[in-house]
Amino acid sequence: MQKKEEKRKRKDNITINGKSYDFYKIIWLDIVGDSGISSFEEFDKMQLAEVITYAFIYKQNKDQIFTFASYSKDGGFGDRNVIPVGVIKDMKKIGL
């Protein structure tokens, strides 16, 4: 008789020093630049970059979202970004 595999419970947050942080997939638009000389045709083809970030939300306000993707047990945060709310196309809380 085979033992049924236990399904791993998916967590959607972590707790650091008593504070909970949710994990998100964030899709946002970023600037694309080029300092070289180009033709009209090449310039017309430039597009914004669509960036996908997987990160915990540290805090947010009406203008900005503060994220981190790594952390230490003593409460240090790494891989940090501040993303303007106006460039975010989609944001979904996901499980770990």
Side-chain angles (χ1 to χ4, degrees):
M1 184 174 189
Q2 287 183 333
K3 190 176 185 180
K4 285 186 179 181
E5 281 188 40
E6 283 187 43
K7 284 191 177 180
R8 187 180 96 153
K9 274 191 170 183
R10 295 193 95 178
K11 287 180 54 173
D12 60 3
N13 64 46
I14 57 166
T15 302
I16 302 171
N17 292 336
K19 185 166 180 351
S20 180
Y21 300 95
D22 294 324
F23 193 65
Y24 280 81
K25 176 182 179 181
I26 305 166
I27 300 173
W28 56 285
L29 298 176
D30 199 4
I31 295 169
V32 171
D34 181 5
S35 62
I37 302 298
S38 69
S39 68
F40 291 106
E41 293 81 19
E42 291 171 320
F43 201 0
D44 287 338
K45 291 179 185 176
M46 286 184 79
Q47 300 274 331
L48 293 171
E50 187 173 274
V51 180
I52 299 171
T53 297
Y54 291 91
F56 295 97
I57 302 298
Y58 174 72
K59 67 179 183 178
Q60 65 187 71
N61 59 41
K62 67 181 183 73
D63 298 318
Q64 305 162 66
I65 295 183
F66 296 71
T67 70
F68 66 96
S70 61
Y71 58 94
S72 63
K73 289 182 179 181
D74 65 358
F77 300 96
D79 302 309
R80 298 169 297 137
N81 288 295
V82 178
I83 303 171
V85 168
V87 300
I88 295 175
K89 290 180 66 177
D90 191 35
M91 191 169 145
K92 291 182 184 160
K93 187 158 96 168
I94 60 174
L96 300 172

Handout entry: Derivation of the side-chain contact (heavy atoms from CB on, under 4.5 Å) call for K25 and T53
Key = CA-CA 6 Å; K25 176 182 179 181; T53 297; over 6 Å; no

Exercise for the section: For I16 and F77, run side-chain contact (heavy atoms from CB on, under 4.5 Å): C-alpha distance rounded to whole Å, both residues' side-chain angles, the deciding distance at 0.1 Å, then the answer. Expected result: CA-CA 10 Å; I16 302 171; F77 300 96; 3.9 Å; yes

Exercise for the section: Determine whether more than 12 heavy atoms belonging to other residues, nucleotides or ligands lie under 6.0 Å from atom OH of Y58. Expected result: no

Completion exercise
For I57 and Y21, the nearest pair of non-hydrogen atoms, with its separation, is O-CD2, 3.3 Å

Exercise for the section: Check the hydrophobic clustering (I, L, V, M, F, W, Y; side-chain heavy atoms under 4.5 Å; chains of links allowed) and say if I52 and I83 are grouped together. Expected result: no

Exercise for the section: Report yes if some heavy atom in the side chain of K93 is under 4.5 Å from a heavy atom in the side chain of N13; otherwise report no. Expected result: no

Practice task
Please check if V87 and Y24 belong to a single hydrophobic cluster, counting links between Ile, Leu, Val, Met, Phe, Trp and Tyr side chain heavy atoms closer than 4.5 Å.
Solution key: yes

Practice task
Could you pull out the closest heavy-atom pair between A55 and F68, with the gap in Å?
Solution key: CB-O, 3.5 Å

Handout entry: Heavy-atom side-chain proximity of T67 to R80 below 4.5 angstrom
Key = no

Problem - Closest non-hydrogen atom pair between N17 and K73, with its separation - result: OD1-O, 4.4 Å

Exercise for the section: Drop me the distance from M91's CE to Q60's CD, to the nearest 0.5 angstrom. Expected result: 4.5 Å

Problem - Members sharing M46's hydrophobic cluster (side chains within less than 4.5 Å) - result: V32, F43

Practice task
Ignoring hydrogens and angles, tell me if any N or O in the side chain of N61 forms a donor-acceptor pair with the backbone of D63 under 3.5 Å.
Solution key: yes

Exercise for the section: Report the relative orientation of the aromatic rings in Y71 and F56; use parallel for angles under 30°, tilted for 30 to 60°, perpendicular for over 60°. Expected result: perpendicular

Practice task
Decide whether V82 and L29 are clustered together by the hydrophobic rule: side chain heavy atoms of Ile, Leu, Val, Met, Phe, Trp, Tyr closer than 4.5 Å, transitively.
Solution key: no

Handout entry: Minimum heavy-atom distance Q64-V85, with the two atoms named
Key = N-CG2, 3.5 Å

Handout entry: Under 3.5 Å donor-acceptor, T15 side chain and G18 backbone
Key = no

Practice task
Measure up the F23 and Y54 rings against each other and bin them: parallel (under 30°), tilted (30 to 60°), perpendicular (over 60°).
Solution key: parallel

Practice task
Spell out, as yes or no, whether a donor-acceptor pair under 3.5 Å connects the side chain of S38 to the backbone of E42.
Solution key: no

Practice task
Please tell me if the side chains of I88 and I26 come closer than 4.5 Å, counting only heavy atoms from C-beta onward.
Solution key: yes

Practice task
Go through the steps for K89 and E50 under the test side-chain contact (heavy atoms from CB on, under 4.5 Å), then give the verdict.
Solution key: CA-CA 9 Å; K89 290 180 66 177; E50 187 173 274; 2.6 Å; yes

